[in-house]
Amino acid sequence: MIERFLRQTSFTSVEDYNQNLSFIIPEHFNFAYDVMDEWAKEKPEGLALLWTNDQGKEIRTTFAELKEQTDQAASYLQSLGIGAGDPVMLILKRHYEWWVTMLALHKLAAVTIPATHMLTKHDLVYRNTRASVKAIICADDEYITSQIALSLPESPTVEAVVVVGDESQSHQNQSGIWHDWRSEWQQAPVFVRPEKKNDNDDTMMMYFTSGTSGEPKMVAHDFLYALGHLTTGVFWHNLHEGSLHLTVADTGWGKAAWGKLYGQWLAGATIFVFDHEKFNADTLLRQIEKYRVTSFCAPPTIYRFMIREDLSRYDLSSLEYCTTAGEALNPAVFDKFKEKTGIQMMEGFGQTETTMTLGTFPWMTPKPGSMGIPNAQYDIDLVKADGTPCEDGEKGEIVIRTDKHKPIGLFKGYYRDDEKTQEAWHDGFYHTGDMAWRDEDGYYWFEGRIDDVIKSSGYRIGPFEVESALMTHPAVVECAITGVPDDIRGMVVKATVVLGKEWKDKAGEALVKELQQHVKKETAPYKYPRIVEFVDELPKTISGKIRRVEIRRKDAEKG
C-alpha cells in the first residue's frame with residue numbers, strides 16, 4: 001500500500017530518511033476510498049479492527065466487512081441530508097461505530113468534528129454555532145444526550161442528532177431531530193459514491209483545540225492530513241501487516257487520528273480498541289496480555305501508572321514496540337519502563353495542528369527525555385525571540401518553514417479566525433509556541449510552552465526540566481511547575497504535586513524539604529521549587545493536558 005504514496009518505502013538511517021522521504025500525492029485523495037476500500041480488494045479477509053470493551057463484548061472486523069459497513073453508514077447519512085462540506089460532530093467515546101462513521105463521512109466528503117463526551121451544554125453551543133454543525137452523532141449516554149438536548153435551542157444549524165445505542169431513542173423525537181442509529185441505518189439503500197470527488201485542499205476534519213487558555217480554536221485539516229500520518233504509523237510506530245496496535249486515546253482527541261486510524265491502516269496493521277469507562281493500569285495490562293498486542297502507544301501519564309504495577313505479574317512478551325506522545329516524557333519513566341520490560345520508549349511530538357513533527361525512529365538510538373529529530377516531511381527549525389536561528393544548545397521556539405510549500409499534514413488554518421491564524425502562521429513560518437533546544441546530534445529537547453517559561457533572578461527556567469527532576473522521586477505521581485510573582489526574584493518556582501497513595505499521609509513540611517533537596521541534586525540548584533503544594537489532582541483540559549494557567553490564576557486570586 002505505502003508504495004503508492006512514497007517513492008522510497010524503507011530507510012536505514014537518519015541521513016537516508018532526511019534525504020529520500022518523498023510523497024507521491026494522488027489527485028482527489030480520499031483515505032476511505034484510496035486506502036480502506038483498496039485494502040478490502042487486496043486482503044478482504046485481513047483483520048482491520050479488533051474491538052473489545054470492559055463488558056467483555058468483542059468484535060473482529062475484516063477490511064471487506066468494514067467496507068460494507070462504511071458504505072451502508074454513508075448511505076444512511078446521505079438519507080439524513082448529509083453531504084460534501086457538511087460539518088458533523090462525533091461524540092462516540094471509543095464505541096465501535098466511531099470508526100465506521102469516520103470513514104463513512106470521508107466517503108461523503110463531509111467535515112468530521114470528533115469531540116469528547118465530557119462536553120457541557122456551553123461547550124456544545126459554542127462548537128455548534130462556531131462550526132455551523134449540521135448533525136451530531138453521539139453515544140447513547142444519559143449525560144451526553146441531556147447536554148445535547150439542552151444545547152439544541154441555541155444551536156439553530158443542527159438538523160439531526162443520531163443516537164448510537166441498543167435502545168430506541170424515539171421518545172426523544174418530539175421535534176423530528178432525533179434519530180436512532182440501530183433501527184434506521186440497516187434500512188439505507190445501496191450506497192452510490194458521489195460523482196463529485198473531493199479536492200485535496202477541501203476540509204476533511206476539524207478539531208477544537210482544548211487550549212490551556214481562552215476558548216478553543218477550530219483546527220481545520222484537509223484531505224491530505226490523513227496521508228500525512230503515513231510517517232506516524234509506518235515509521236514512528238514501526239507498524240507493518242501483522243501488527244496489532246493499541247493507542248490509548250479518547251476519540252475526541254487529536255491523538256486518536258494519530259494512533260487509532262490513518263497511519264495504522266496505511267501500514268496494513270490491525271487496530272486494537274479497548275472501550276472502557278475508567279482507566280485502570282491493571283485492566284489495561286491484562287488486555288495487552290490477553291490479546292497479544294504487539295505495538296503500544298500512550299501518553300507518559302499512562303506509562304507512569306503502568307510502572308507502578310508489578311509488571312512481572314503480566315505476560316507482555318508480545319510487545320515489540322512502544323511509543324509515547326501527548327506530553328513530554330520524563331527520563332525517569334523511560335528508564336523504569338525499560339528496566340521492567342526491556343523495551344525502549346520512542347518519543348514523538350506534534351500538535352493538533354500537525355501530524356508528528358519530531359520523533360524517534362526505529363533506526364535511531366533514543367535519548368531518554370528527547371523528542372527525537374525533525375520528521376523529514378516538515379522543514380523544522382528553532383528560532384530566538386528576534387527570529388534568528390538558534391545554535392545548538394540555545395533555547396528557542398520550534399517553527400515549521402512554509403515559505404516554499406505547505407507540508408503534508410500541516411493544518412489549513414483556524415477556521416473562521418484569520419486573526420488567530422495570522423498570529424501563529426506568518427512570514428513563512430508556522431509558530432508552534434513550544435520551546436526546545438537542540439543538541440549536537442540534532443535531537444530536540446522540550447522546554448515548555450512559551451507562556452510557561454519562568455524568569456527568576458535573571459534565569460529562564462523551563463517547567464519540564466524541573467518536573468523531570470521531581471518525577472524521579474518515588475513519592476511523585478504527577479506534578480506541574482509554574483511561576484509565582486516575587487518582589488525580589490521577579491518569579492519563584494512553584495511545584496504542584498500529586499503524591500502516590502502510600503505517600504499521602506506524609507504530606508507536610510518534611511516532605512516539602514525532601515523534594516526540594518531532591519530537585520537540587522537532580523538539576524541546577526537555582527531551579528528548585530521554593531513553593532510546594534500537595535493536591536489530589538491537577539487541573540487539566542478535556543484532552544488531558546495540564547492547565548498551568550489555571551494554577552497561576554488560582555495563585556493570583558490568593559494574592
Side-chain angles (χ1 to χ4, degrees), residues 11-18 21 231-232 235-238 258 295-304 306-307 319-351 354-378 380-382 389-399 432 434-449 453 460-473 479 481 519 521-524 527:
F11 304 92
T12 58
S13 67
V14 171
E15 293 74 23
D16 185 17
Y17 183 68
N18 288 342
L21 179 70
T231 55
T232 308
F235 300 127
W236 179 48
H237 283 158
N238 198 26
W258 279 49
S295 175
F296 180 72
C297 185
T301 298
I302 300 296
Y303 286 101
R304 285 199 289 269
M306 289 171 66
I307 61 178
L319 276 180
E320 300 170 355
Y321 212 76
C322 292
T323 47
T324 187
E327 59 187 9
L329 172 67
N330 303 105
V333 179
F334 177 99
D335 292 337
K336 183 62 69 173
F337 187 77
K338 182 181 178 183
E339 174 190 321
K340 291 190 172 190
T341 66
I343 297 175
Q344 302 181 111
M345 279 186 281
M346 310 295 265
E347 191 170 357
F349 168 85
Q351 298 179 315
T354 71
T355 59
M356 183 194 61
T357 52
L358 294 155
T360 311
F361 297 98
W363 49 84
M364 296 168 53
T365 300
K367 293 186 179 184
S370 165
M371 298 180 285
I373 65 168
N375 181 359
Q377 77 190 61
Y378 293 94
I380 290 175
D381 203 352
L382 283 178
C390 294
E391 300 292 333
D392 290 347
E394 285 188 307
K395 298 175 184 178
E397 182 188 11
I398 303 170
V399 297
T432 67
D434 287 305
M435 300 288 290
W437 62 277
R438 181 182 56 239
D439 67 20
E440 65 278 4
D441 296 321
Y443 287 64
Y444 281 59
W445 301 78
F446 185 71
E447 284 288 318
R449 295 289 295 172
V453 172
R460 292 173 62 86
I461 302 169
F464 179 64
E465 53 194 340
V466 187
E467 291 168 2
S468 292
L470 265 175
M471 285 301 302
T472 61
H473 192 285
C479 62
I481 296 298
V519 172
K521 292 177 182 178
E522 292 293 318
T523 188
K527 300 176 186 177

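The structure presented is a predicted model; accordingly, all values stated were derived computationally and were not measured.
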Taking atom [atom1] of [X] and atom [atom2] of [Y], what is their separation to the nearest 0.5 Å?
| X | Y | atom1 | atom2 | answer |
| --- | --- | --- | --- | --- |
| Met371 | Leu329 | CE | CG | 11.5 Å |
| Ser370 | Trp437 | OG | CH2 | 8.0 Å |
| Trp363 | Asn238 | CH2 | CG | 8.5 Å |
| Phe296 | Met306 | CZ | CE | 4.5 Å |

Trace of the side chain to side chain contact (heavy atoms under 4.5 Å, CB included) decision for Val14 with Met364: CA-CA 7 Å; Val14 171; Met364 296 168 53; 3.5 Å; yes
Return yes if some donor-acceptor pair links the side-chain N/O of [X] with the main-chain N/O of [Y] below 3.5 Å, else return no.
| X | Y | result |
| --- | --- | --- |
| Thr324 | Ala298 | yes |
| Trp236 | Met346 | yes |
| Thr341 | Phe337 | yes |
| Gln351 | Thr432 | yes |
| Glu467 | Ile481 | yes |
| Lys340 | Ile307 | yes |
| Glu522 | Thr472 | no |
| Thr357 | Asn375 | no |
| Arg438 | Cys390 | yes |

Does atom CD of Glu391 have more than 12 heavy-atom neighbours from other groups under 6.0 Å away? no
Determine whether more than 12 heavy atoms belonging to other residues, nucleotides or ligands lie under 6.0 Å from atom NZ of Lys336. no
For [X] and [Y], work out which heavy atoms get closest and say how close.
| X | Y | result |
| --- | --- | --- |
| Ala325 | Gly348 | CB-O, 3.4 Å |
| Asp381 | Pro389 | OD2-CB, 4.0 Å |
| Met356 | Leu358 | CG-O, 3.2 Å |
| Pro368 | Trp445 | O-CZ3, 3.3 Å |
| Pro374 | Asn18 | O-OD1, 4.2 Å |
| Thr231 | Gln377 | OG1-OE1, 2.6 Å |

My understanding is that only one of Glu347, His237, Met345 makes a side-chain contact (heavy atoms from CB on, under 4.5 Å) with Thr323; could you say which? His237
Would a 4.5 Å heavy-atom cut-off, applied to side chains only, mark Tyr321 and Pro362 as touching? yes
Could I get the full list of side-chain hydrogen bond (donor to acceptor under 3.5 Å, both in side chains) partners for Lys367, not counting sequence neighbours? Asp439, Asp441
How would you list, by chain and number, every residue that makes a side-chain hydrogen bond (donor to acceptor under 3.5 Å, both in side chains) with Glu397, sequence neighbours excluded? His431
Would you sort out whether Glu447 and Ile398 count as a side chain to side chain contact (heavy atoms under 4.5 Å, CB included), showing the intermediate values? CA-CA 10 Å; Glu447 284 288 318; Ile398 303 170; over 6 Å; no
From CA spacing to verdict: side chain to side chain contact (heavy atoms under 4.5 Å, CB included), Ile380, Tyr444: CA-CA 11 Å; Ile380 290 175; Tyr444 281 59; 4.0 Å; yes
Parallel, tilted or perpendicular: which describes the rings of Phe349 and Phe446, with under 30° parallel and over 60° perpendicular?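 The rings of Phe349 and Phe446 sit tilted, inter-plane angle from 30° to 60°.
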Taking the six-membered ring for Trp, are Tyr17 and Phe11 parallel (under 30°), tilted (30 to 60°) or perpendicular (over 60°)? perpendicular
Worked check of side chain to side chain contact (heavy atoms under 4.5 Å, CB included) between Leu470 and Val519: CA-CA 6 Å; Leu470 265 175; Val519 172; 3.7 Å; yes
Just do the side chain to side chain donor-acceptor pair (under 3.5 Å) check on Gln344 and Thr360 with the steps written out, would you? CA-CA 11 Å; Gln344 302 181 111; Thr360 311; over 6 Å; no
